[in-house]
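I have placed the structure first, in the form of structure tokens, so that the comments after it can refer back to it.
All residue numbers refer to positions in the sequence shown, counting from 1. Quick caveat, the model's predicted, so the values are computed rather than measured.
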Amino acid sequence: MSVPPSLADIAGPKTSVDGNISFRIPEGMHSLGLDLSPEDRAEHIQDMADEVWAAGTDYQRETTAQIYGEVADSAAEDGALYAGVIFLALDNGQPAGASLVVRAEETDRTDANVVTLSIVEGLSTQPGKEAYRATAAGRPVAVVFSIVGAALDDDIEGRGPLDADADPDFPVAAAEAYVPLPQLSRLLILGISTPTLEIFPDMVALLSGITETVEVDTTSADAASGADREAPVVAPRPSRISEL
């Protein structure tokens, strides 16, 4: 399988979002243009599809543009800060892909550990989800795994309400990292998903690497100061997210 080199060491361009938050994405990940107008975004995604399937068929280019156009539109409607997609090739030559969506929610200045444990406790009770506490770049992180369309243990008859309307023949695996940033009163949520279960472990490692690069700018007048301030991360380091 063709995957980005050194998944835990993301050396791609820095992406700044929400004024005070930035992270790095891997080389080869295509932005879905959430910062563009709907018209320009559609053109951007079509150009991406044409590039990815330069040697493919019109159907492949049109289908790719349609699928990821819908992903981008949905992310934009949800107020996401970033959306991107990465394309891979399996050992048998079949294509595979995964999408990354980053969003942020308002929170209070509650201690990050308290927020993380609360998220883990709350999401662990939801059918079809498994949640754990982990660390990334020295921060507590809530990590949530789910597979829509099939139970995590492949017990199709045991699917919960979350999976009831999904086709078990076409599961989509997803992993989310919830990163509390109390110094900004924000909760950063990075999620990656793929319909190709074979690459899901690598995508979890990819999410781990991206989460490790999250930096917080606390120098602006709007950012909190004092004891709540955390030093920005200047380089990725091994994470426990991918060890779960």
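The two residues Ile45 and Leu32 come nearest to each other via the heavy atoms CD1-O, 3.8 Å. The two residues Ser99 and Val71 have their closest heavy-atom pair at CB-CG1, 4.4 Å. Residues Ala112 and Pro180 approach most closely at O-CG, 3.7 Å, considering heavy atoms. Ile119 and Ala142 make their closest contact through CG2-CB, 3.7 Å (heavy atoms, listed as atom of the first residue, atom of the second, distance). The shortest heavy-atom contact between Lys129 and Ser146 is CG-CB, 4.0 Å. Across all non-hydrogen atoms, the minimal contact from Leu188 to Ile21 is CD2-CG2, 3.9 Å.
The side-chain heavy atoms of Arg139 and Thr211, taken from C-beta on, include no pair separated by under 4.5 Å. Counting heavy atoms from C-beta outward, Glu198 and Leu90 have side chains that approach closer than 4.5 Å. Put simply, the side chain of Tyr178 does not reach to within 4.5 Å of the side chain of Thr116, judged on heavy atoms. Counting heavy atoms from C-beta outward, Val144 and Tyr132 have side chains that stay 4.5 Å or more apart. Looking at heavy atoms from C-beta onward, Phe23 lies in side-chain contact with Val17 at the 4.5 angstrom threshold. Residues Asn113 and Arg133 form a side-chain contact, since some pair of their non-hydrogen atoms from C-beta on lies under 4.5 Å apart. Using a 4.5 Å heavy-atom cutoff, the side chains of Leu206 and Pro26 are in contact. Contact of the His30 side chain with the Phe87 side chain is registered, since non-hydrogen atoms from C-beta on lie closer than 4.5 Å.
Residue Leu100 holds its CG atom at 7.0 Å from CG of Leu207, rounded to the nearest 0.5 Å. Expressed to the nearest 0.5 Å, how far CD1 of Ile192 lies from CD1 of Ile199 amounts to 8.0 Å. Of the inter-residue distances, the one linking Thr196 atom OG1 with Asp202 atom CG reads 11.5 Å to the nearest 0.5 angstrom. Expressed to the nearest 0.5 Å, how far CE of Met29 lies from OG1 of Thr15 amounts to 10.0 Å. Put simply, CD on Glu62 and CD on Gln46 are 7.0 Å apart, with the number rounded to the nearest 0.5 Å. Residue Leu117 holds its CG atom at 10.5 Å from OG of Ser124, rounded to the nearest 0.5 Å.
Linking Ile, Leu, Val, Met, Phe, Trp and Tyr whenever their side-chain heavy atoms come within less than 4.5 Å puts Ile67 and Met48 in one cluster. One hydrophobic cluster, built from ILVMFWY side chains closer than 4.5 Å, holds both Val52 and Val85. Hydrophobic clustering of Ile, Leu, Val, Met, Phe, Trp and Tyr side chains at less than 4.5 Å, counting indirect connections, keeps Val143 apart from Ile189. The hydrophobic cluster containing Val216 also contains Val102, counting ILVMFWY residues as joined when their side-chain heavy atoms lie under 4.5 angstrom apart, directly or transitively. Under the 4.5 Å side-chain contact rule for hydrophobic residues, Val172 and Val101 do not share a cluster.
Within the 3.5 Å criterion, the main-chain N or O of Gly138 finds no donor-acceptor partner in the side chain of Thr135. Using modelled atom types, no side-chain atom of Asp78 and backbone atom of Ala80 make a donor-acceptor pair closer than 3.5 Å. In this structure, Thr213 contributes its side chain and Arg24 its backbone to a donor-acceptor pair below 3.5 Å. Listed for the Glu212 side chain is a donor-acceptor partner under 3.5 Å among the backbone atoms of Ala137. A donor-acceptor contact shorter than 3.5 Å is absent between the side chain of His44 and the backbone of Leu34. A distance-only check finds a donor-acceptor pair linking the side chain of Arg109 to the backbone of Pro182 [under 3.5 Å].
The closest side-chain donor-acceptor pair between Tyr68 and Glu70, if any, does not fall under 3.5 angstrom. When only modelled atom types and interatomic distance are considered, Thr107 and Ser185 share no side-chain donor-acceptor pair under 3.5 Å.
A salt bridge is defined here as a Lys NZ or Arg NE, NH1 or NH2 lying under 4.0 Å from an Asp or Glu carboxylate O, and Arg186 with Glu106 meets this definition. Ion pairing between a basic and an acidic side chain is recognised when a charged N comes within 4.0 Å of a carboxylate O; Asp35 and Arg41 show no such pairing.
Annotation for Tyr59: hydrophobic cluster partners, listed by chain and number, are none (ILVMFWY side-chain heavy atoms under 4.5 Å, direct or chained).
No option in Thr110, Val120, Leu181, Val179 other than Thr110 meets the side chain to side chain contact (heavy atoms under 4.5 Å, CB included) test with Val115.
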- Dump the intermediate steps for side-chain contact (heavy atoms from CB on, under 4.5 Å) on Leu88 and Met203, then the final yes or no. CA-CA 11 Å; Leu88 309 171; Met203 295 303 98; 3.6 Å; yes
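More than 12 heavy atoms of other residues, nucleotides or ligands lie within 6.0 Å of CD in Gln60, so this atom counts as buried by the packing criterion.
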